[in-house]
Amino acid sequence: VVLALSFGLAIQLRLRLYPRARSLGPTQRIDMDTGLFRREFLAHRVSKELGRIRRQGGSAALLLVALHESEPEETLREMAVELVRQIRLESDTPALYQKGVLAVLLPTAGPEVILQVAQRLVHGLSHARNTLAPIRSACAVTSTGEMHSHKLMAMAESALQKASAGGEIG
């Protein structure tokens, strides 16, 4: 019951913070299993953030956090709740990137800050789980608005694959 209320509250809060999400159908913007935004909406937010960087300068980061393949769906839902609890809802965009992979778009997070944020998030997510399977994380950071959203997402995916291949948290 508490988990369901958390998801409902998180969805309502996100709809208020991201008016564009309202214009999309529910299945286009929110993953109903986790209560997080879907990858398609994340790509839209990344594109908007890159536009902001082009106009105003600054930087943005995309953090991916992957669970072990053997983790049950319930663990993914618990991790989604913890992820929402750990981030700045007024600016960060949490999403289900793909099955077993959570994502957070962190606007205005530069290279010097993102490592601290990533470590805090991974630490919090690790302690929220009931299993000891490793969590892998990776991040892509940009300070140029000339990049396309798909490129930033591909950079984060590549970094996650490298972290996975090395068997360590990246």
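Keep in mind the model is a prediction, meaning the values are calculated, not measured.
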Open item on the list: When you group the ILVMFWY residues by side-chain heavy-atom contacts below 4.5 Å and let the links chain together, are L152 and V141 in the same group?
Closed with: no
TODO: Please check if I135 and L96 belong to a single hydrophobic cluster, counting links between Ile, Leu, Val, Met, Phe, Trp and Tyr side chain heavy atoms closer than 4.5 Å.
DONE: yes
- [ ] Sequence neighbours left out, what pairs pass salt bridge (charged side-chain N to carboxylate O under 4.0 Å, His left out) with at least one residue falling in residues 147-160?
- [x] R39-E157
- [ ] Please name all residues satisfying side-chain contact (heavy atoms from CB on, under 4.5 Å) with A43, sequence neighbours left out, ordered by chain then number.
- [x] M153
Open item on the list: Under the rule for side chain to side chain donor-acceptor pair (under 3.5 Å), what residues qualify as partners of R54, not counting sequence neighbours?
Closed with: none
TODO: Kindly write out the residues that satisfy salt bridge (Lys or Arg N to Asp or Glu O under 4.0 Å) with R120, not counting sequence neighbours, or none if the list is empty.
DONE: none
Open item on the list: Count I, L, V, M, F, W, Y as connected when their side-chain heavy atoms are under 4.5 Å apart, and connections chain through other members. Are L102 and V46 then in the same cluster?
Closed with: no
Open item on the list: Quick one: does any side-chain atom of R55 pair with a main-chain N or O of G51 as donor and acceptor, under 3.5 Å?
Closed with: yes
Task: L64 and Y97, any side-chain heavy atoms less than 4.5 Å apart - done: yes
Open item on the list: If I take atom CG from residue L83 and atom CD from residue E78, how far apart are they, to the nearest 0.5 angstrom?
Closed with: 13.5 Å
Task: Pairwise side-chain contact, Q119 with H123, heavy-atom cut-off 4.5 Å (strictly under) - done: no
Task: Criterion side-chain contact (heavy atoms from CB on, under 4.5 Å) on D31 and F37, from CA distance to verdict - done: CA-CA 6 Å; D31 174 73; F37 286 115; over 6 Å; no
Open item on the list: Contact between M79 and L67 at the side-chain level, heavy atoms closer than 4.5 Å - yes or no?
Closed with: yes
Open item on the list: Could you see if L62 belongs to whatever hydrophobic cluster contains M147? Use Ile, Leu, Val, Met, Phe, Trp, Tyr and a side-chain cutoff under 4.5 Å.
Closed with: yes
- [ ] Check the pair V65, R136 against side-chain contact (heavy atoms from CB on, under 4.5 Å), reporting the backbone distance first and the verdict last.
- [x] CA-CA 6 Å; V65 179; R136 296 167 320 280; over 6 Å; no
- [ ] Indicate the atoms forming the closest heavy-atom contact of A163 with S137, along with that distance.
- [x] CB-O, 3.9 Å
Open item on the list: Between R52 and S59 (side chain of the first, backbone of the second, donor and acceptor by atom type, cut-off under 3.5 Å), is there such a pair?
Closed with: yes
- [ ] Check whether any side-chain heavy atom of L121 sits under 4.5 Å from a side-chain heavy atom of I87, and report yes or no.
- [x] yes
Task: V84 to P94 - nearest heavy-atom pair and separation - done: CG2-CG, 4.3 Å
TODO: Dump the intermediate steps for side-chain contact (heavy atoms from CB on, under 4.5 Å) on L42 and L105, then the final yes or no.
DONE: CA-CA 8 Å; L42 177 68; L105 174 62; 3.9 Å; yes
Open item on the list: On a heavy-atom basis, which atom in V101 and which in A66 lie closest, and how many Å separate them?
Closed with: CG2-CB, 4.0 Å
Task: E40 with R38: basic N within carboxylate O range, under 4.0 Å - done: yes
Open item on the list: For a quick test of reading the model, state the closest non-hydrogen atom pair linking S47 to S149 and the distance between them.
Closed with: N-CB, 3.8 Å
- [ ] Is it possible for you to say whether M155 and V104 belong to one hydrophobic cluster, with membership spreading through side-chain heavy-atom contacts below 4.5 Å?
- [x] no
Task: side-chain contact (heavy atoms from CB on, under 4.5 Å) involving K99 - partner list, sequence neighbours excluded - done: E73
Task: Closest approach of A156 to A140 (non-hydrogen atoms, all atoms of both residues) - done: N-CB, 3.6 Å
Open item on the list: Looking at A80, is its backbone amide N or carbonyl O close enough to the side chain of R85 to form a donor-acceptor pair, meaning the two atoms are under 3.5 Å apart?
Closed with: no
Open item on the list: Once rounded to the nearest 0.5 Å, what's the spacing between atom OG1 of T142 and atom CD of E49?
Closed with: 10.5 Å
